[in-house]
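Single-structure report; data block below.
Since the structure is predicted, the reported quantities are computational estimates derived from the model, not experimental observations. Chain A is the first sequence line, chain B the second, and so forth, proteins listed ahead of strands; every chain is numbered from 1.
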Amino acid sequence: MTQNIAPSPPPLFRLPPDRRPDVPVLFEGQTLLALKGETVASLLLRHVDAGAFRREERRGEARAPLCLMGVCFDCLVTIDGQDNQQACLIAVKPGMRIARQLTAGGAL
Amino acid sequence: MSVQDHVDIAVIGGGLVGAALAYGLRRQGQRIALFDEGDSAFRASRGNFGLVCAGGKGGQLDDYAPWALQGVEVWKDFGDRLVAETGIDIELEQNGLPVFCPDPAALAERVAMMERLQRRSGLAFEVHSPAEIDRYMPGVSADVPGAVFCAIDGAANPMLLLRALHASLLTGDAVLRRDARVERLEAVSGGYRLVTAQGVTRCERVVLAAGLGNLGLGQDLGVTLPIKPMRGQILVTERCPPRMKVPSEHVRQTRDGTYLLGGSWEDVGFDTGTTAEVTRAIARRAISYFPFLSTVRLVRSWSALRILAPDNAPIYDEIAPGAFLVTCHSGVSLAAIHAGKVAGWIADGALPAEADPFRLGRFAD
Amino acid sequence: MTEPDLLIIGGGIAGLSAAATARDLGLSVTLADERPAPGGNILAGAEAPPKGIASALTRRGAALIAAARAADFRPATQALRIDADLAVQLVTGTGPVETLHPKRLLLATGAVERPVPLPGATLPGVMMAGAAQLLLKTSGALPAGRTILAGSGPLLLLVARQLLAAGVRPVALVETTPHQSLGQLVATLPAARHAPGLVAQGAGMTLALRRAGVPWLRQASALTIQGTGRVETLRFHDAKGRAQELAADLVLLHDGVIPQDQATRLLHCAEDWHPGRQAYEPRADLWGETSRAGVFVAGDCAGVRGALAAEQAGILAALQIAHQLGRIDAGKRDALAREPRRLLDRQSAFRPFLDARFPPRLADPAGAEESQVICRCEGVTAGALRMAIRQGATGADQLKSFTRCGMGRCQGRSCSLAMTRILASETGTAMEDLRRQGVRAPLKPVPLGQIAQEGEA
Ligand SMILES: Cc1cc2nc3c(=O)[nH]c(=O)nc-3n(C[C@H](O)[C@H](O)[C@H](O)COP(=O)(O)OP(=O)(O)OC[C@H]3O[C@@H](n4cnc5c(N)ncnc54)[C@H](O)[C@@H]3O)c2cc1C
Ligand code: FES
């Protein structure tokens, strides 16, 4: 059974005012500005509700990054067309295309 | 701790062969004890591909062809009963199985062999083009020359099969000795004595079903067995959405959605490691059959040792009075017939003429 | 064929300091780390630390990182398989696999936070406290909503204080650390004596939290997290056993750290159960060489002793490797090792104090409810594991194959220790006597196409 990712309470994280993101990336068709060198997970945690990047493939439960150090595999996203990449280990690049994996079973 | 007990039949080996025999013997009303090694044992049962198949079996021993076919034919009843008894879904499917051939020459060779086997056993097969394969395994490369398809073949989940067989032995009076490697097997008057670290068991009959462990047990009874290990490496991928309707010999999608990719044949003794070279070769072949696999992630690789007789066929024999030897490579395909007919032979205490082609005598010269 | 003298896996403080020492002694060094930037956990973001994080250590770290960047440093690079002859397959990003043949291998893969199988721990909005700290260090990002810190360990208190310093006031700090009697604390004093600075640092941390007036609930137990699709509340029992409930958007959990040991386990390095630290640790000699000749460990992956110890352990490993490769004689090695060893011993002596003060308490898998998910990837519950054990899976590998626990994408990283704990308690076996689940190549999931490409023109 898939459960809904709740609509819009704010994302889990924010930047302090002195940080100025200026690297444009494309998130599901929308341009977001990232900090130079930050990871995709770091960026998305400021933009995705509850940080839910994916649904796991057995039951479609929403999952969000837990460890940010490559251990839990709950941060998987599609980057430039390749599925199941660990968002916490990949740095943003200008023009990178990023998408959540919200259908149970990935985007294959 | 020292255990002293007495049973009718002791089965040595808790892999797919021993567990299927134990299961069958229980159904025949025998009081059995099953001896199994600990976690570090060489376990072909845990490392295999799970195919239930008759296609191709008997290439070097004619009589194996009808036997393998019979084994596959009785699988469904056996599987249904096991699932009903244990509640463990062993994921059996018999919707057919293609064997891919890398080039036209290999395809012609395979067809010639299947024709020969068909004359012996009546096993039906078809030759499929990539377009036909694509209907049940979508995404197959148009460059594949073709596959030989047997409609009766299929696959089960070998780990759940093993688990179900073990679970079934928990009920009733079977004696289960886990982490109990049989160190010594001795003939004594009226039967056999099994010595483990935990103690001694006396039995009237003993079944040697310990895979490669049978080499040492046979030696205890003065018999040298012509079996040897043949390593197979297997790769498994992450879960993917369901796509494949049937398994094939080297690529199968499991019920969980993972792909299993096999299977090397390496004569490297008792080494259960994996190698970069074979991993690469298996990945390349799988991608050449199914190009979409190139973006699917490998999660794990392992190897297991096939237990191989010179003609790849099973061995059934009574190597000393009341000491039965059962060893084979295809423990999944033959699980049903081992639990049925072969367990029946052992319960009766004698092998019938039907077993003759599978005796050790065939390797005599 | 690429044949560096030394290949280091892991660019945390241990790997970085080993690389610097080895290069100073004339060795050719390749340093690989799966993260996009060097620094590991303690030095993450050390090149441009946010306010309140900079310290003498980060300044030293920035110098080490600058040195590493001048060498053969490979970011975003994963070690996939390591063979007995030390052939190591590396893969960078989406490129093809490359095999290196180093003369010596140093594993400096650091620590990971102890997995916490708690009810509700898979809900979005649950994160490890160390993860929040990494975000703070690398991007300055701060929790945006109601935040609770829960669990035990020095890191939990440190993160609380760092958040306060950055202007974020947590809703509460829910500590599961047990009450310690005066006697218990006195017993650990000899250890504390070795590093009075660290004890004072701890006391300072406590004071800062008190001053800020963050509700601090001690000796909490029976934590569960509720919510539909995301975290809504944290429930627990307070010190008096009363049920409590707090609303939250983000729950940061922590229960100590354990070695990241996939690589040493892949290599079948001998390991021991460390009862004080409640973790398995690879067995190593005074220089960090494991039971596999030529394979060294340094830093937290060899047993968690903290950043300052990791820095010295990296230097010691590099000295011995330089000696084995004939660059320095034993006399020079020992002379150079004197000061690092003194510092390392001092850190190690302090450790029992922390181990005793902060035992893991948040989620004991042995006592988990039947419905508790142990394997996050495959959804295997404690009940399913116990049932399979009753059905004959009395070893860790058999248990894995009967249940799929540990067969998912994380390859057992999040569940292996918890599963072993359940196996131990169900079978009445001591942790030190259990053979753990095997680790298989590849060390991280990798597309088949990248493997197939190796060596293709
Ligand atoms: C979340 C967290 C927060 C901490 N915060 C503090 C703190 O504030 N203060 C303090 O004193 N101590 C802290 N510690 C402890 C401190 O970080 C460690 O003692 C110290 O970092 C150990 O250094 P290291 O080099 O051994 O490991 P790490 O710094 O963890 O570095 C290991 C590196 O290896 C890489 N790696 C791992 N496996 C592979 C692989 N297979 N292939 C390629 N690369 C790999 C990792 O990406 C990582 O960069 C913290 C620990 C954790 C886990
Ligand atoms: S957040 Fe855990 S692997 Fe990325």
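For B:Asn157, no part lies under 4.5 angstrom from a heavy atom of chain C. Only the side chain of B:Thr258 comes within less than 4.5 Å of a heavy atom in chain C; its backbone stays farther off. Only the side chain of B:Leu235 comes within contact range of chain C, judged by heavy atoms closer than 4.5 Å. When heavy atoms are compared at a cutoff of 4.5 Å, B:Arg300 approaches chain C by way of both its backbone and its side chain. For chain C, the nearby parts of B:Leu298 are the backbone and the side chain; heavy atoms of each come within less than 4.5 Å. With a threshold of 4.5 angstrom between heavy atoms, B:Ile88 approaches chain C through side-chain atoms but not through N, CA, C or O. Of the atoms belonging to C:Ala388, heavy atoms from both backbone and side chain fall under 4.5 Å from chain B.
Comparing B:Leu169, B:Leu176, B:Leu162 by how many heavy-atom pairs each has under 4.5 Å with chain C, the most go to B:Leu162. Highest contact tally toward chain B, considering only C:Gly392, C:Ala84, C:Ala87, is held by C:Gly392 [criterion: heavy-atom pairs under 4.5 Å]. The most heavy-atom pairs under 4.5 Å with chain B, out of C:Met387, C:Gln450, C:Arg440, come from C:Arg440. Of the residues considered (B:Leu170, B:Asp179, B:Thr237, B:Leu160), B:Leu170 shows the highest number of contacts with chain C, using heavy-atom pairs under 4.5 Å. Heavy-atom pairs under 4.5 Å with chain C were tallied for B:Ala276, B:Ala286, B:Gly14, B:Ser168; the largest tally goes to B:Ala276. Of all the listed residues (B:Thr86, B:Val236, B:Asp256), the one sharing the greatest number of non-hydrogen pairs under 4.5 Å with chain C is B:Asp256.
Within residues 394-410 of chain C, the residues having any heavy atom under 4.5 Å from a heavy atom of chain B are, by residue number, C:Thr394, C:Gly395, C:Ala396, C:Asp397, C:Gln398, C:Lys400, C:Ser401, C:Phe402, C:Thr403, C:Arg404, C:Met407, C:Gly408, C:Arg409. Within residues 374-386 of chain C, the residues approaching chain B closer than 4.5 Å by heavy atoms are, in numerical order, C:Glu378, C:Ala384.
When the options B:Thr279, B:Leu261, B:Ile282 are evaluated for a side chain to side chain contact (heavy atoms under 4.5 Å, CB included) with C:Leu448, the one that passes is B:Leu261.
Residue C:Glu369 places its CD atom among 12 or fewer non-hydrogen atoms of other residues, nucleotides or ligands, all under 6.0 Å distant. Atom CD of C:Glu370 has more than 12 neighbouring heavy atoms from other residues, nucleotides or ligands inside a 6.0 Å radius.
For the atom pair OG (B:Ser294) and CD1 (C:Ile451), the distance works out to 11.5 Å, reported to the nearest 0.5 Å. In this structure, OG1 in C:Thr427 is found 11.5 Å from CZ in B:Arg178, a value given to the nearest 0.5 Å.
When all heavy atoms of B:Arg297 and C:Pro445 are compared, the closest pair comes out as NH1-O, 3.6 Å. Of all heavy-atom pairs spanning B:Ile287 and C:Ala452, the tightest one is CD1-CB, 3.8 Å.
For B:His166, there are no ring-ring contact (aromatic ring centres under 6.0 Å, His included) partners at least two apart in sequence or on another chain. Taking C:Arg292 as the reference, nothing meets the salt bridge (charged side-chain N to carboxylate O under 4.0 Å, His left out) condition, with sequence neighbours excluded.
Between the side chains of C:Gln391 and B:Arg163, a donor-acceptor pair is found at a separation under 3.5 Å.
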